[in-house]
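Each chain gets a letter, A, B and so on, in the order its sequence line appears, and its residues count up from 1.
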Amino acid sequence: MKLSKTYDPKKYETAIYKLWEDSDSFVPKNRGNDGTFSIVVPPPNANGDLHMGHGLTLGIEDIAVRYHRMKGEASLLLPGADHAGFETWVVYEKHLVKQGKSRFDFSREDLYSQIWDFVAQNKDNYQSQFRQLGASVDWSRFTYTLDNKIVKQAYSSFKKMWDDGLIYRANKLVNFCTYHGTGFADIEVTHKDSDGHLWYIDYPLTDGSGEITVATTRPETMLGDTAVAVNPKDKRYKTMVGKTVKLPLTDREIPIIADDYVDSDYGTGAVKITPAHDPNDFEIGERHDLPKISVIGHDGLITHEAPEEFVGLDVIKAREAVVSTLTKQQLLSKTENINHSVAHCYKCGTVIQPLLREQWFIDTKPLAKKAISALKAKQIRFYPDNKRTQLIAYYEGLRDWNISRQIAWGIPIPAFRNANDPDKWIFDDRVKQETITVDGELYHRDPDVFDTWFSSSSWPYATMNFPDGQDFAKFYPLSAMETGADILYPWVSRMIMFGLYNTGRIPFENVYLHGLIQDEHGQKMSKSKGNVINPIDKVNQFGSDAFRMGIISGESAGNNRPYDESKVIGARNFCNKLWNIARFIQDQIDGAGEINSPKPKSIADHWMLTKLQHLTVRSSSLLEDYRFSEAYDSIYHFVWDDFADWFIEASKTSANIGLLKFGLESILKLCHPFAPFLTEAIWKELGWSKELLITSAWPTIPEADNSQAKKFEEIKQLITEVRQLSKAMELKRPNLLHSSDLVEDENQLITRMARIGEIRKTDKGRGYRLKSTKQKVWLDISDDILATYTKQLKENLKEVQRQIANYESRLSNKGYLAKAPDKVVNDTKSSLAEAETKAKLLSEEVKRFSSS
RNA sequence: GGGUGAUUAGCUCAUUUGGCUAGAGCGCCUCAUUGACGUUGAGGAGGUGACAGGUUCAAAUCCUGUAUCACCCACCA
């Protein structure tokens, strides 16, 4: 079939993907090689469209997997979807609001099943987006984070940790978002610098001997104060320690205590202590056995623990009321404006309230310890490596992890509380029941669900059917985990800890972290800014292959990068170039009849093969090293600069059909991981093979004669020089004189490619002697014309002389000769020799024109 | 407050353990008009590698310091 003039992605992509799927090409299978390669796709949230980050993730992972598949390894790219507990919950709540409803209108069970259906609708959506991106994922292994095996693994992790004493339930301060009504892990809280006030409040001593002034940014919490603390070394307050103050606005009497935590230089050096609403105060409270009075409830309103006049006010109103009452009572001595860091909900921006709540916590110390030693021993390779060091630092400061979430959407925590003994908890996975009876006693299920990250921490092996699955035996640890650098802490860190804990092994051998894709101006993409670029739009506009190559081009691990459409356009043009190379070769073959075997004959043939050799070796090693952009770059330039611009052009003088075909086959293979649709489409249209390109073998390295190749390189340089001279002197089809067998042999090639009028062999040259070759070749032009070029000649000579001086000074340096490697020194010597020859020729010409 | 990264051509970015004349894409200038491709071909211009020191025969690369930007972490009331 005749190929059309330009490549039309829309015409092929859907059908090609179906071809791969129908042929089970994505199912891992060894082909003449017993290696394995495995990546699990970071499961996208099942609540919307794929974004740019997914495009990059899938692009990178698919390139790696397709390469290893073609190498013959059993290669698995396992797809999945994330129920994304809290994230989806937020999306669904907005959805409810649009319908004029709220979460309070439904029971938890109702909500759960509604969201289940909501998510199910979206799953099809992004599965088709995976297909559009060309991701060669094994759909038969598709895993959803609420699949039975994942839930079961979450329970067994929980149970094991429970049994090992790593899970504990405690009434501790949690980061609570009063808007969403749930607690968070520390990592889910963002700190923002905000303008606020520092209020100075006088607390009168009970014995009437004076007062102590405390400074606070949150005066409303004074209603829950249970002490005032000062530094034990602070002389100002030495006599007050042990006394009590009468807490204003309340009728309570609270002690003045001494604690090292207090910084004497900040504020007044005296701190009000509210153990129920401040993490530091909580710790001081623990040390001094202070009562914890919760004056702010989970609804964000003042509780009945506070005086009647404040009850039911929200935090802001309560603050105003407290300040105004204190002012009236003349207890407010000073107010300062300050800028300080305030914790906010990462999703809605509500100020986080540290509130007391009974939650499940994981003691992360022992888990982090193992992870640290694995990372220090470099058992996992990181791209870029500095993320490894960063992660170690993170583990070292890691605090216990609150895994309870007060939302309906998630995996229920398999723990039940004794109805008669609130401190007695048992593990049981009958979570569908609200109550169970064990040994004749009634137990109530914990209404909370797990933090999503708790279950996804086991993703690398839960997806592989740990502990007995064949996949686990074959593919674990994963070859690589490729994901965004932004989830190094929330996800990667925990997968490593959990993997080591549950399986005793690292979960993956390599971690490749890509940076954020920003908008064209380097701004973070976000819905609120309205600068989100949809990858699928770009796929539709430029084709999937162009998008993939454009987005990985210039990509380097760990670095953020703006979306650059010019790169996608460049890649689109490259697709078209490939397409037209195929068209040309197809035309050649159509007119050729019998196709000979791919034996190199001409010097161009040998040259092309040595370039191909070099490329195959280089691109393979770059791909093994996760240097995708550089691999793409080297293939791109071989195809365009070497194969199309030189080999194909040369073949117009004398074609070696067998080698053209071989070259194209090799190119299609090398390009396949990057441009899977296009290359498979060409492969199919050409109909040279019954097998699919996706499962064909990665090219082997061809044999070629290097000395023949060098001859072509010389001719190539000669041609380039003639082109340069023609351009500079505005010559039209100049003639060439030479006394060289090589030039004689290649005179047709030179005539065509250098746009020469006539080539003639002669004993005596005239005109301009070419400098790029050792062969004696002259551009046959008059001195008149050449004189117009004198200025350029002088500049060239100067440049060459500068180089010579440079080389000479290097070679006269004793240290250089003694310490630099021989190869480097020899290179310098031959460069010097070359430059000297060139200088001689140039100076002769310059002299000729200076004297005339 | 602590940490990490960045700073290279007009723009966006590469450059594996220090070693040829620091590269690419896009943009720019000049030319080519059609027999694979104008989503093309040929030629070209353009860089004190942020700045200041240091180590080395040799530094964009290693070290120290400075500046600017970005991100991450952090319980100073």
Side-chain angles (χ1 to χ4, degrees), chain A residues 3 5-7 173 186-187 191 198 214-218 221 229 261-263 265-274 278-283 340-341 343 354 384 386-387 389-390 393-394 397 399 485-486 488-489 515-516 520 522 524 542 546 550 553-556 558-567 569-588 621-622 625 627 629-630 633 636-637 644-645 648-649 652 720 723-728 730 753 755 799 802-803 806-807 810 813-821 823-825 827-828 830-831:
Chain A
L3 299 179
K5 203 167 178 180
T6 50
Y7 172 60
L173 282 186
D186 292 338
I187 201 168
H191 289 83
L198 193 58
V214 297
T216 180
T217 53
R218 303 190 58 199
T221 61
Y261 159 76
V262 180
D263 176 358
D265 296 332
Y266 191 89
T268 61
V271 192
K272 57 188 275 313
I273 302 298
T274 325
D278 182 278
N280 294 310
D281 294 5
F282 180 86
E283 304 215 335
H340 62 146
S341 170
N386 69 318
K387 297 288 177 190
T389 338
Q390 257 173 262
Y394 175 76
R399 294 162 57 190
D486 54 330
L488 173 64
Y489 298 149
L516 216 62
E520 288 107 318
K524 193 170 175 172
F542 299 105
S553 160
E555 209 277 335
S556 68
N559 287 337
N560 294 348
R561 213 161 38 98
Y563 170 74
D564 185 353
E565 191 146 294
S566 72
K567 288 205 162 83
I569 291 170
R572 192 264 325 256
N573 295 352
F574 179 59
C575 289
N576 198 54
K577 189 74 187 179
L578 262 173
W579 183 256
N580 277 289
I581 288 170
R583 278 182 73 201
F584 175 79
I585 292 176
Q586 191 195 34
D587 280 353
Q588 300 294 306
S621 94
L622 288 170
D625 287 345
R627 305 175 76 88
S629 173
E630 286 166 77
D633 197 58
Y636 174 99
H637 287 288
D645 290 344
I648 285 188
E649 289 307 317
K652 287 175 181 173
T720 302
R723 285 171 174 171
Q724 285 166 343
L725 292 167
S726 297
K727 182 85 181 178
E730 298 180 334
M753 292 191 72
R755 316 197 100 227
E799 173 59 25
R802 198 192 55 78
Q803 279 178 21
N806 188 358
Y807 294 137
R810 216 181 289 175
N813 182 331
K814 276 181 206 155
Y816 178 71
L817 292 174
K819 290 182 185 173
K823 189 190 175 298
V824 175
V825 175
D827 283 354
T828 309
S830 60
S831 299

Classify the nucleic acid contact of [X] as base, sugar-phosphate or nothing, counting any heavy atom under 4.0 Å across all strands shown.
X        : value
A/Pro821 : base
A/Ser556 : sugar-phosphate
A/Asp645 : sugar-phosphate
A/Ala644 : base
A/Arg810 : sugar-phosphate
A/Leu198 : nothing
A/Asn813 : sugar-phosphate

Expressed in angstrom and rounded to an integer, what is the separation of [X] atom [atom1] from [N] atom [atom2]?
X        : N      : atom1 : atom2 : answer
A/Lys524 : B/rC71 : NZ    : P     : 8 Å
A/Tyr489 : B/rG3  : OH    : P     : 13 Å
A/Gln390 : B/rG2  : CD    : P     : 17 Å
A/Asn559 : B/rA14 : CG    : P     : 5 Å
A/Lys652 : B/rG35 : NZ    : P     : 9 Å

Quick check: does any side chain N or O of [X] sit under 3.5 Å from a backbone N or O of [Y], one acting as donor and the other as acceptor?
X        : Y        : answer
A/Asp625 : A/Arg627 : no
A/Asn560 : A/Leu516 : yes
A/Asn576 : A/Tyr7   : yes

**Study point:** Exercise: identify the closest heavy-atom pair between A/Met753 and A/Asp645
**Key:** CE-O, 3.7 Å

Check your understanding: If you write RNA chain B from 5' to 3' in dot-bracket form, with Watson-Crick or G-U pairs under 3.5 Å, [ ] for crossing pairs and | for pairs with another strand, what do you get?
Key -> (((((((..((((.....[...)))).(((((.......))))).....(((((..]....))))))))))))....

State whether [X] places a side-chain N or O below 4.0 Å from either non-bridging phosphate oxygen (OP1 or OP2) of [N].
X        : N      : result
A/Tyr816 : B/rU56 : no
A/Asn580 : B/rU39 : no
A/Gln724 : B/rA42 : no
A/Arg572 : B/rC37 : no
A/Asn386 : B/rG3  : no
A/His340 : B/rC76 : no
A/Tyr266 : B/rC76 : no

Taking atom types as they are modelled, is there a donor-acceptor pair under 3.5 Å from the base of [N] to the side chain of [X]?
X        : N      : answer
A/Glu649 : B/rA36 : yes
A/Lys577 : B/rC37 : yes
A/Lys727 : B/rA32 : no
A/Lys819 : B/rU56 : no

Exercise for review: Using the closest heavy atom to pick a nucleotide of RNA chain B for each, name whichever of A/Glu283 or A/Arg561 lands nearer the 5' end.
Suggested key: A/Arg561

Going from [atom1] on [X] to [atom2] on [Y], what distance comes out if it is rounded to the nearest 0.5 angstrom?
X        : Y        : atom1 : atom2 : result
A/Leu622 : A/Asp633 : CG    : CG    : 9.5 Å
A/Glu630 : A/Ser621 : CD    : OG    : 9.5 Å
A/Leu488 : A/Tyr394 : CG    : OH    : 9.0 Å

Review point. Got a salt bridge between A/Asp587 and A/Arg583, using NZ or NE/NH1/NH2 to carboxylate O under 4.0 Å?
Key: no

Exercise for review: Taking only the side-chain heavy atoms of A/Val824 (C-beta and beyond), determine which of B/rA36, B/rG19, B/rG25 contains the nearest atom.
Suggested key: B/rG19

Exercise for review: Tell me which nucleotide among B/rC37, B/rU12, B/rA77 gets nearest to the side chain of A/Val262.
Suggested key: B/rA77

Point to revise | Charged tip of A/Lys577 within 45° of A/Tyr636 ring normal and under 6.0 Å | key: no

